[in-house]
2 protein chains.
Amino acid sequence: MPYDSQSKRSRLIEAAAALIYERGFRDVTIADIAERAQVPTGNVYYYFKARDDIGFAVVETRLAEIQSSFREWDALENPKSRLIAFLNALEANSQELAEHGCPIGSLCAEFSKTGGALADKSRTLFIAMIDWFTTQFRAQGSGEGARSQALHLLSSVQGACLLAHSQRDSSLVTGEICQLKRWIEAL
Amino acid sequence: MPYDSQSKRSRLIEAAAALIYERGFRDVTIADIAERAQVPTGNVYYYFKARDDIGFAVVETRLAEIQSSFREWDALENPKSRLIAFLNALEANSQELAEHGCPIGSLCAEFSKTGGALADKSRTLFIAMIDWFTTQFRAQGSGEGARSQALHLLSSVQGACLLAHSQRDSSLVTGEICQLKRWIEAL
DNA sequence: GTCTATACGGCGATAGAC
DNA sequence: GTCTATCGCCGTATAGAC
């Protein structure tokens, strides 16, 4: 594999992730991705043997992204402030969330309908989030209720993103986040 | 317009709604819809001048469905029991919600990305739900907080459906519904 | 009004030159 | 490894027979 193969492959995945976030997987063509990545159209098939493999790679990228954020927040002193850091990150992105929805949530929604290997792969995204949230709630002292609280947190956030996206109103995310912060701080 | 034109049109919309719920709008073809509705493929264009118009009609059908449910629940004695009736209906459908997601939520998620007229149209679905919820919370005595509580209810339900669909685990909806019921009853 | 046949465009995928 | 040219399929939409 040549020196900049990785670079081209990365550029393709990055372009795909952005386009899929904006339009949805089904509405993004190979040509669209190639153009945005500045790679000749037909050449995409040197890096991915099928269209679905691009979706696969995008899920892996998204997973790496959130795990990277989690590791960063793990450095914070206590579990509550880690969860708050997550909510702050969402709040900072509320404009984009209202415009295009949650990058994770929309991927899961679309691939879940698709079914097959992509649905299986996308499932790992929510699992990673639930696991990390559960760890924080447990470390905070929630005991048995930790997982249930983790589910409630993810569920609320995803629902708020969907609402905000549909109504194109970022206040629908920020409002819910504000309540969630109060809930966590009061634990 | 002939006697059974309405019947054929209705059959097409019904078939489209079911298929779109299962696979998503983008993955359902005119031929698929026609076949399920037992109508010749090319003939669909007598009833709908473009593909998007079918999506439009499906949104209108879904809107009529939920408004019909709301009217039914309006007959119940008090606002709390009306909201509980809504949650009971979800609970009864939890299996299907885990398999295909929320029929309203998935439509909104997909059409919101699409943008354009379909996004605008699909927006009315959540608005109708928020309005009815708000009315119930206000009648219950929530005052200023009614709208915020309505948003929280819809948001939680939609998030739970998305989670359950992605993980194909109906307990993720029923669990959240159980908590929401307790919240409403404690108001 | 109803249905068939087909035009047309676009997309995924491949073959093969360099 | 990289890129171009192109094939073949499928889906939307239309023209026009009945």
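Naming convention: chains lettered A, B, ... in sequence-line order (proteins, then strands); numbering from 1 in each chain.
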S.K.: With sequence neighbours left out, write down each residue that passes side chain to side chain donor-acceptor pair (under 3.5 Å) with B:S142, or none if nothing qualifies.
M.R.: B:Q140, B:Q149
S.K.: Rounded to whole Å, how long is the line connecting atom CZ of A:F25 with atom C1' of C:dG12?
M.R.: 11 Å
S.K.: C:dG1 phosphate, OP1 or OP2: any side-chain N/O from B:Y47 under 4.0 angstrom?
M.R.: no
S.K.: Under the salt bridge (charged side-chain N to carboxylate O under 4.0 Å, His left out) rule, collect the residues that match up with A:E22, sequence neighbours excluded.
M.R.: A:R36
S.K.: Under the rule for salt bridge (charged side-chain N to carboxylate O under 4.0 Å, His left out), what residues qualify as partners of A:E60, not counting sequence neighbours?
M.R.: A:K121
S.K.: Could you give me the CA-CA distance, side-chain angles and deciding distance for A:H165 and A:E99, then say whether side-chain hydrogen bond (donor to acceptor under 3.5 Å, both in side chains) is met?
M.R.: CA-CA 6 Å; A:H165 183 209; A:E99 212 169 329; over 6 Å; no
S.K.: Give every residue pair that meets the ring-ring contact (aromatic ring centres under 6.0 Å, His included) criterion with at least one member in residues 77-99 of chain B, sequence neighbours excluded.
M.R.: B:F86-B:F133
S.K.: Using nucleotides 10-13 of chain D, report all nitrogen or oxygen pairs with the protein that are shorter than 3.5 Å.
M.R.:
unit_1	atom_1	unit_2	atom_2	d
D:dT12	OP1	B:R51	NH1	2.9
D:dT12	OP2	B:I30	N	3.0
D:dA13	OP2	B:Y45	OH	2.8
D:dA13	OP2	B:R51	N	2.9

S.K.: What residues form a side chain to side chain donor-acceptor pair (under 3.5 Å) with A:W73, not counting sequence neighbours?
M.R.: none
S.K.: Quick one: list whatever passes side chain to side chain donor-acceptor pair (under 3.5 Å) with B:E14, sequence neighbours left out.
M.R.: none
S.K.: Tell me if the aromatic rings of A:W183 and A:F137 count as close, with their centers under 6.0 Å from one another.
M.R.: yes
S.K.: Using five base pairs at each end to define the local axes, how bent is the helix from C:dG1-D:dC18 to C:dC18-D:dG1, to the nearest 10°?
M.R.: 10°
S.K.: Name all residues meeting the side-chain contact (heavy atoms from CB on, under 4.5 Å) criterion together with B:E72; count only those two or more places apart in sequence or in a different chain, and write none if there are none.
M.R.: none
S.K.: Just how far, in rounded Å, is C1' of C:dC3 from CD of B:E35?
M.R.: 17 Å
S.K.: Provide, to the nearest angstrom, the distance between the CG atom belonging to B:L12 and the C1' atom belonging to C:dC3.
M.R.: 13 Å
S.K.: Restricting to nitrogen or oxygen on both sides, can you table the protein-nucleotides 16-18 of chain C pairs closer than 3.5 Å?
M.R.:
none

S.K.: Going by salt bridge (Lys or Arg N to Asp or Glu O under 4.0 Å), name the pairs with one or both residues in residues 110-120 of chain B, residues two or more places apart or in two chains.
M.R.: B:D120-B:R123
S.K.: Check side chain to side chain donor-acceptor pair (under 3.5 Å) between B:T29 and all other residues, then give those that pass, not counting sequence neighbours.
M.R.: B:D32
S.K.: Check the distance between D:dC3's P and A:F48's CZ and give it to me in whole angstrom.
M.R.: 15 Å
